[in-house]
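What follows is one structure encoded as structure tokens, with my remarks underneath.
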Amino acid sequence: MMDRLLRINMSAEGGPMVSTVPVGVYAGLGGRALTSAVISREVPPLAHPLGEDNKLVIAPGMLSGSVAAMSGRISVGCKSPLTGGIKEANAGGQPSQVLARLGYAALILEGKPKDGDLYKIFINKDGVKITPDSSLRMLGNYALVEKMKGEHGDKIACISIGPAGEMKMSAASIACTDIEMRPTRHAARGGVGAVMGSKGVKVIVLDDSGMASRAPKDPEKFKAANKAFVEGLKKHSVTGEGLPTYGTNVLANVINEAGGYPTHNFLWGRFPGVSLISGETQAETEIARGGVATHGCHRGCTIRCSGIYMDKEGHYLTKQPEYETVWAHGANCGIDDLDAIAMLDRLDDDFGLDTIEMGATIGVAMEAGLAKFGDAQAAINLIKEVGKGSPLGRILGNGAAVTGKVFGVERVPVVKGQALPAYDPRAIQGMGVTYATSTMGADHTAGYAVTANVLKVGGYVDPLKPEGQIELSRNLQIATAAIDATGMCLFIAFAILDQPETFQALLDLLGSFYGQPMTGDDVTALGKKVLTMERDFNERAGFSNKQDRLPEFFKKEKLPPHDTTFQVADADLDKVYNW
Amino acid sequence: MIDPDHLYKADIGSANHLFLSLHDDFIPSFFSFLQKGFMIQAKVGCSVRSLLQDQFGISEAYMDHCIQTIFIDGKPVDDMDTTTVQDGSTLALSSAMPGLLGAALRRGGHYAPMRSQITHEKSKKTLEVKNGQMIIKLFNLTLRDLGPLFLDRGLWVEAEDLRVFFCKRSDNFWGGCSRARVDGGNVEPRQLPHFAWTGALIHLQLKAT
Ligand code: SF4
């Protein structure tokens, strides 16, 4: 069972010290519930995010390591250098399953090395080995993973940072390897990579050889629940057909049509070149070049929203860029060239950068006149500056807010210092509520209100009107926090919100695994508990309702084509957490 | 990039007519026109359902189960029966998104009180049914399912877009084209990239072989 915490004190005299301790007060928690519980309980809220008092918590979900479908998300938590508040970022890929099978509920990096060394951590069934290795310094994630394969074989999973994390940039991500052992799945948001860099850890290599899958308490019930769950995902049109066929970028045309596709640094709600970068075009391009348009990011994913993107010559370039990435590096920067966007995705993955933050940052840089909107080569050059760590690159690598400040730009799309993702809150007001009030800074996954608003999953609310958005955002933030705790990919939300029997199957999966029946109320309670802990941490870190606001321009500048502004009143935003 | 709304402004009367027979493997290569938006002529002033069913011949089952998100002029539509299409409307159809008449949960009326304000207002006045022009956009699975039907029926696209499209086609594509006729006269398909179109629009009709 996942009943141990692996604590590694990077400050210890004589080098990093490992202790394996019982899970204790954190028993029964997983994923985001566990990372947020540890951060809120153990990290002084006023600690410097890159200082020795901050901790980096890496936790598989509650069902990770079992054979439950879709259960391979891993959560990474810390105090964020980007927002100054609590952070949970999660990723797919193989590490969640592997770490869980090794029996760890979480890996917690504490302190920071006094010697400035860079370390490799290797974990297998026999224990933990930590070695300083300066040959890893400033390696890109791709070269790093190749090196690890050479040293440990290809049955491993890696969690790593690229140069951006080593340079402690606030847009730095943590990479997780996928099924093909490529570093393509990132816990990207909030600068979690910078915190890993501050701990002096370049890579964590996981090897679960000799370990079995985690066993459920009630195997029969678990098997039946898993079957019903998979059937539910397969029969829903989004999880069974839309996402597998076109990937998350299937949203591009639809959000663009709704007038909520931020273009040219949030100046317009429609991008004329959308059909050139849509999920439909992307899938067709991938297939035509011998890539793959339906692919899972970890074993056990049945939705398989991902793919493999080849360059014009038919060589692997990157995994299928996500909707958010295509938007950030595409429409937001006026770029309608899928190959350029795929290259930017590849560079972000290699340097270890959050694609959303970097796309938003380049949009701000373009607004500042550093490059022209639509100039794909200029965007690629700017990202390369970040990888090199030039003075300009260091500014850009610290995100949109810093870049906006340095270059005197007023339209900077951030909340709590974190860039807004791919839905304009003036067209889709429910997203605005979530962006404003999320404990994480502007974060689309924190309340997938867009599903209800545009996709009409779980009820319909007119996206152009403020009424009902508070309630909607609250419920979806609670649901999201709970799903993040299970280790389930958030895309199951489409099916569980729409099909009561699929939601029940999820409850049965959890109940039969832990031997304790679970109800919808338990899920709501779990989600509320997570959000309450996170809010509490942020308050102690100095946040108030003043930070739960969108940038001023969303209230003042009308967004074409619907010419709407963000209309939800501040007093209503303050009600989101009233429960 | 050209906004599909520009299609309205071009003169339909001066459009060239292109009829192209080609192997059905190559029909999907024309889908880029369909997601961007193409123009059709239809009877307007009727409901979305009537347009799709009576004029386009789309089955009721497909409409109810597969066309799940609909936009008119960028606004989500909730009710196909009470929402009318007008001359100059842009109608976008999406299949992969749950919504409109999809899940039984919603069709059971659970969300009826929340139905679209947009369609409600429009349903108050009765519109005259007349000939008109519309822009249609097909997204995700509707491309695959309905695209061939519209291409077979014929639709208007911008001449410049089609010229650029033909210039980018491979030898393989031209090998799959068996016959082309422009304004009633035979044209060698491989000459299409260089053809001097006289109008700003082309009425494109494909025949799969
Ligand atoms: S649905 Fe997509 S993101 Fe989720 S686990 Fe599968 S491939 Fe990964």
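A note on names: the letters A, B, ... follow the listed sequences, proteins ahead of strands, and every chain is numbered from 1.
Both the backbone and the side chain of Glu257(A) come within contact range of chain B, with heavy atoms under 4.5 Å apart.
Between Lys36(B) atom NZ and Thr281(A) atom OG1 the span is 11.0 Å, to the nearest 0.5 Å. Atoms CG and OG1, on Asn140(B) and Thr245(A) in that order, are 9.0 Å from each other to the nearest 0.5 Å.
Looking at Val254(A) and Phe71(B), their side chains come closer than 4.5 Å, going by heavy atoms from C-beta outward.
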* To do: Please assess Asn253(A) against Lys137(B) for the test side-chain contact (heavy atoms from CB on, under 4.5 Å), listing each intermediate value before the final yes or no.
  => CA-CA 9 Å; Asn253(A) 270 326; Lys137(B) 295 180 185 178; over 6 Å; no

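In this structure, Leu141(B) and Gly242(A) approach most closely via the heavy-atom pair CD1-N, 4.4 Å. For the pair Pro28(B) and Glu284(A), the tightest heavy-atom approach, listed with the atom from each and the gap, is O-OE1, 4.2 Å.
Scanning for side chain to side chain contact (heavy atoms under 4.5 Å, CB included) contacts around Thr502(A) gives Phe229(A), Ala495(A), Ile496(A), Gln499(A), with sequence neighbours left out. The salt bridge (Lys or Arg N to Asp or Glu O under 4.0 Å) search around Glu286(A) returns none, not counting sequence neighbours.
Within the 3.5 Å criterion, the main-chain N or O of Lys75(B) finds no donor-acceptor partner in the side chain of His562(A).
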